[in-house]
Every structure is written in C-alpha cells, then in structure tokens.
Number of protein chains: 2
Amino acid sequence: MSGVANIKNGLRLSNGLLSAVEDDVLYHLGLSKRDDLAAIFSGTKFVFTGGSTTRIAHWAALVATELNITDGSETQCLSHTDRYVMYKVGPVLCVNHGIGCPSIAVMLNELLKLLEYAGCQDAIFFRMGTSGGLGLAPGSVVVSNGVLNGELKPYQIQYILGRKIERPTDIDKQLVNDLLALNEKIAFPVVAGITMCADDFYEGQARLDGAFCEYTIEDKMAFLQKLHSLGVCNIEMESVCFAATLFRANVKGAIVCVTLLNRLVGDQVVMTRAELLEWEERPFQLVIQYVKDSLASQN
Amino acid sequence: MSGVANIKNGLRLSNGLLSAVEDDVLYHLGLSKRDDLAAIFSGTKFVFTGGSTTRIAHWAALVATELNITDGSETQCLSHTDRYVMYKVGPVLCVNHGIGCPSIAVMLNELLKLLEYAGCQDAIFFRMGTSGGLGLAPGSVVVSNGVLNGELKPYQIQYILGRKIERPTDIDKQLVNDLLALNEKIAFPVVAGITMCADDFYEGQARLDGAFCEYTIEDKMAFLQKLHSLGVCNIEMESVCFAATLFRANVKGAIVCVTLLNRLVGDQVVMTRAELLEWEERPFQLVIQYVKDSLASQN
C-alpha cells in the first residue's frame, strides 16, 4: 500500500475486463468507446478540473487566449449530458467535477477510460479550486503535498462489496516542487501544505453555521488548531479521491486551491465579488504558467 | 439513536448558534438571510430534488402544467450560483442536488436553513432519481422503505472533528405507504424496497466496467445476490444523506427512484433515449399525483 516519491507517468488502468468489452458507454459524459475518441481527444497533455461549470467554461476561454489558440474550440462542449461540461483547447482538456468525492469519482472513472481509449497515456491532471485556509491570508494558494481524509489519515476510504478499503493518497512531489518553483513569476503567495478533504461543507469542516452543530466554538477551535499543528493548510472536498484515483492509475496530478478565508478567524465566506473572481483565478494562473513553460521546453 | 415509525412533521434545526447570527450567507445558493427569503419562499409545501439541472428545469415546467400555474415562475431560477438550480412553482420548490452525498449535503444544509428563515416548517421532501435495480424489470419505480450505506448498515457516516459519527437513516413509513397506495392511479410498477447508497458509480456498486476492477464477476454476483437477499431493490448515490439529514431535521421525506437496468443481468446503462426520457419521468408522475391529492384534500 505504500507509495513512491515520484510517479513515472503513464496511465495504467487495473481493469483487465475492459479490453474484452466491445463498446463502453461513458454514461455521465454522454460518450462511448464506439465514438472516434482518438479523433476528438488525442493530443491531450493536461487536464484542468474544478467544481463549477461556468468556471470551467471561463478557463477554456482563458486557455485559448494564453496559448493563442483561435479555432473556437473553447466554445464547443464535448460532454453530451448536463452532468459535466468538457472543452478541449489545444493540449488542455477542461472538465468540471461537481462537489465532493463521489461526484469527482464518477468523472475521473469515465475520463480515465476515455483517455485510455483515445491513446492519451501521459496527460497531467490539475484540480484547481477554492478552499478554507488555516493560518494563511485569504487569497493564498496552496499546492497540496499531502492529503488527509476525515479520519485524518492519508487514504481514500472506499466501500467495495461491503468491505472498507483504504487507497493511499500519494502526491507527486516533483510536480509540487515544479509548481512552487514558479513562485517568482507569480504575484500572489503560493505555499505547499497538507490538505484535508471533508465530505461536507459544514460539520465535516467544523463550521458553526450549518443547519446542525452539536459542538462548541472551543471544540471547533481545538480541532482546527490540531489540523494546523499537523501541517494542514486548507480544507476542501475532493482531494482525497483525486489523489488516490490518480496514484492508482499511475497518472501525475496536482491539487492547487486558493483559500477564501482563514478558518482560524471565522466560518462565513464574505469576500467581495471582485476579490472572489480574482482569487478564484489564481490557481489557474499558476498552472497555466506551468503549462506554458512545459510546452516551451518541448519546442 | 433509534428512530420513530412516523415522524411528526416540523423542521427543527439543531444549531442554537444560528439564532445569534445577524446574517447568514447561503454560499452555494447565492442567497443570504438578509434577502427577504419569506417573500420569495413562503408557501413552500413540497421540495422536489434530483441530480441533474435540466431534469429540475423540466420538472418545474411540468409542475406548472400539472397544477395550472401560469405566472411564469417555472422559468425563474432562484439560485444565484452555478452550483445548484432552484425554481419555485406554486407550493413546489424544485432544486437539484448533483451527484453523491457530499453534494446533496451542501444543498440540504443550505436549503433547510433557507426554509427555516422563510418560515416554511412543514415542507415534505422528495428525492426522485435514477438507480440500478436488483431483480426488477427496468423501468420499475422503487419507493425506499429503508436505506443502507456501503457497510450495509442503516446509517450515514459523518466525520466530525476527526471522529466517525453514525446518523440513522430512518424513513417515514406512512409517506411510503401513501405513495404505494397511489399504485392504482399509475400505469407503471411501483414497489417498496430497501435502497443501498454507494459513494461511486463503479466499484462502489460492484460494476465490472469502471476504470478499476479488482474483483471477479463471481464476487460481484455473490455481493449483488447478498444485497438482494437483504431486501435491497436498488442502488443509487444520495439516499443515505437525504434520509439521515431529513430525519435529524424532523422533516418528512421520501426517496422515489426508477431502475434503469437490472444489475443481476448486466452493468451497462443501454436503454434507448426515448425509454430513458419516459422512465426518468416516472418518479415525478407518482409524486405529482401525491401532491395533487394532498392539495385537493386541503381544499
């Protein structure tokens, strides 16, 4: 069950039964193995994923601008259901994942199969999102160098055939370092830290302002201080599934989230709309710099 | 921790800290306590929730037709983010919940607070969706009379302040019986049965066609037969959170899902588009009959 420090890239699905399947309906993307997936998706080198559908469409437009791609692909949604949106702009495939691990699990399962069928074995994944920070100025960007579940363990918990299975959430440390090394090209604070993944936004993140709260403010602060002392820099809701699934598939991935508030101070998300829009774009700004540098070094 | 057979209706949030809060931002709905929530949401008697955004918009239009409401409210989205859509058509509030328990948890937390602030204490909730069936003809509708988690226990698992908490998933049996009693007015099969809630669509539901599969077809069939022998009629991804949250809040709710396939026969979802559209509407047809009968009995 132990991981490796640097994952040698190369998508590797562990389902030997798939090769015998003539067709495979990727039900939530509205695509199937019978579609000419290679024609549509070949050349995918980077996958950008985040929660919200409009943020994904916005990223697709930004990718087109940043990479000088003028074929209009940023407006063509390649998912044929309303569950997920998907745009391929040059080497970058942008897909949303919704809220929480089950939602991102469905998307990753079908996207990994899609990339395998399309012959895109070496894409690097980036989950970019928002999060609650611990001890950081709001607007700081955290690159996750570890991921803990709600039990504060570095595993994704799966229930398979009625049994509890723990999947390690190992992170590619080289990719973390490569992203941190871009710090000097970036005008906002970027730090590496451990991310805690919760299964809800309220009690799971020790908030006091959910529909239910059966603990005190002292209990909450003791828990957040405990997280802080463990090196946890932020809390969000998808990192455990993202890290464990990609590690299992032998795919490189990084989690890059901006912190919208300092949870050691309060619970409510109350920045201005202008701040939110600027901060939400920070993970993208860091990652697109990485992509541009990668593409330049290949030329 | 034990439940009651019939829940006396009446929303009851357990967070005493909320009353002291001057404002409360319902972040994922884009609304706040400072908005005149009573003006917008008062009179809500029924909440219809399901996964997909376009299905919700479609339901809103159907509710307007079925209840002869001609104010155009079915086209006015009341959520101000792209996370959830929400339409209030007469006494029916239609809201999507995305995929999986974390996604529905966020929505339910914010919606229960919204209804409390708007003075709507007695709304009845219906989760309507699609599911994989066990031993039923595809197109059958299951009204859940029990809900099991991935450990096959009738609890929602929450991790709060690092501790594992189990919340009972008690179902209002009277509401189940009231829905089943509508059978003779309905042209498709409706049964009561236990629902299993999984955290993903593939391994969590013992499918053989995910990106990963480390069990055999014999393991899968043994597990599904075990579920079947426990009385499990269908598998979906939100019922545990829905049932546990509403029971905790003292709110009546029912889970009504159509089965798209018989998992004892296969894994892939392969009905025709026309069948899918007709079957997807069956839970709605049952529930709108309940709503119409309820409204008629109040006049």
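Only a predicted model underlies this, so the values are computations on that prediction, with no experimental measurement involved. First the proteins, then the strands, lettered A, B, ... as listed; each starts at 1.
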Q: If you measure from the Lys or Arg side-chain nitrogens to the Asp or Glu carboxylate oxygens, is any gap between B:R207 and A:E110 under 4.0 Å?
A: no

Q: Between A:A211 and chain B, which part of the residue has a heavy atom less than 4.5 Å away: side chain, backbone, both or neither?
A: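 When you check distances to chain B, atoms from both the backbone and side chain of A:A211 fall under 4.5 Å.
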
Q: Using a 4.5 angstrom heavy-atom cutoff, name the option from B:S32, B:S52, B:G162 with the most pairs to chain A.
A: B:S52

Q: Is A:L17 in contact with chain B via its backbone, its side chain, both, or neither, using a 4.5 Å heavy-atom distance?
A: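 The side chain, not the backbone.
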
Q: Does the side chain of B:F212 come within less than 4.5 Å of A:T245's, by heavy atoms?
A: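 Of all side-chain heavy-atom pairs linking B:F212 with A:T245, at least one is under 4.5 Å.
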
Q: May I ask you to test the B:M237-A:V106 pair for a side-chain heavy-atom distance under 4.5 Å?
A: yes

Q: What is the distance from atom CG of A:L108 to atom CG of B:D200, rounded to the nearest 0.5 Å?
A: 10.5 Å

Q: B:Y87: which residues meet the side chain to side chain donor-acceptor pair (under 3.5 Å) condition with it, sequence neighbours left out?
A: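 For B:Y87, no residue satisfies side chain to side chain donor-acceptor pair (under 3.5 Å) once neighbours in sequence are set aside.
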
Q: Can you name the nearest heavy-atom pair linking A:A206 to B:L161, along with the distance?
A: CB-CD2, 3.6 Å

Q: How about B:N149 and A:Y159: do any of their side-chain heavy atoms sit closer than 4.5 Å?
A: no

Q: Any chance you could measure A:L208, atom CG, to B:L18, atom CG, to the nearest 0.5 Å?
A: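 Here the interatomic distance stands at 9.5 Å.
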
Q: Using a 4.5 angstrom heavy-atom cutoff, name the option from B:D199, B:N15, B:V25 with the most pairs to chain A.
A: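 Among B:D199, B:N15, B:V25, the one with the most close pairs to chain A is B:N15.
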
Q: With a 4.5 angstrom heavy-atom cut-off, is it the side chain or the backbone of A:A222 that approaches chain B, or both, or neither?
A: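 Interface part for A:A222: neither.
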
Q: What option among A:I160, A:L227, A:L152 has the most heavy-atom pairs under 4.5 Å with chain B?
A: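 Most heavy-atom pairs within the cutoff with chain B belong to A:I160.
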
Q: Which residue out of A:G204, A:A105, A:G150 racks up the most heavy-atom pairs below 4.5 Å with chain B?
A: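 Most heavy-atom pairs under 4.5 Å with chain B: A:G150.
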
Q: Report which part of A:L276 has an atom under 4.5 Å of a heavy atom belonging to chain B: side chain, backbone, both, or neither.
A: side chain

Q: What's the spacing between B:R83 CZ and A:R55 CZ if we round to 0.5 Å?
A: 5.5 Å

Q: Based on non-hydrogen pairs under 4.5 Å, which of B:L26, B:L13, B:T81, B:N109 is most in contact with chain A?
A: B:N109

Q: Heavy-atom pairs under 4.5 Å with chain B: which of A:P102, A:G100, A:G98 has the most?
A: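 Of the candidates given, the most pairs with chain B belong to A:P102.
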
Q: What option among A:C241, A:A249, A:G210 has the most heavy-atom pairs under 4.5 Å with chain B?
A: A:G210

Q: Between A:Y117 and chain B, with a heavy-atom cut-off of 4.5 Å, which part of the residue counts as in contact: side chain, backbone, both or neither?
A: neither

Q: With sequence neighbours excluded, tell me which residues meet salt bridge (charged side-chain N to carboxylate O under 4.0 Å, His left out) with B:R163.
A: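 Checked B:R163 against salt bridge (charged side-chain N to carboxylate O under 4.0 Å, His left out); zero matches.
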
Q: Ring-plane angle category for B:F201 and A:H28, please: parallel below 30°, perpendicular beyond 60°, tilted otherwise.
A: perpendicular

Q: Check whether B:A198 gets within reach of chain A through its side chain, its backbone, both or neither, counting any heavy atom under 4.5 Å.
A: neither

Q: State, yes or no, whether a side-chain contact exists between A:Y27 and B:L260 at a heavy-atom distance under 4.5 Å.
A: yes

Q: Where is the tightest heavy-atom contact between B:S103 and A:I99, given as atom of each residue plus distance?
A: CB-O, 3.4 Å

Q: Taking every heavy-atom pair that is under 4.5 Å apart, which of A:N96, A:D24, A:L112 has the most such pairs with chain B?
A: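 Most heavy-atom pairs within the cutoff with chain B belong to A:D24.
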
Q: Checking heavy atoms, do the side chain of B:I157, its backbone, both or neither come under 4.5 Å from chain A?
A: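 Just the side chain, heavy atoms under 4.5 Å.
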
Q: Please flag which part of A:Q158 lies under 4.5 Å from any non-hydrogen atom of chain B: side chain, backbone, both or neither.
A: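 Interface part for A:Q158: side chain.
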
Q: Can you tell which part of A:E203 gets under 4.5 Å to a heavy atom of chain B, answering side chain, backbone, both or neither?
A: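 Looking at A:E203, backbone and side chain both touch chain B.
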
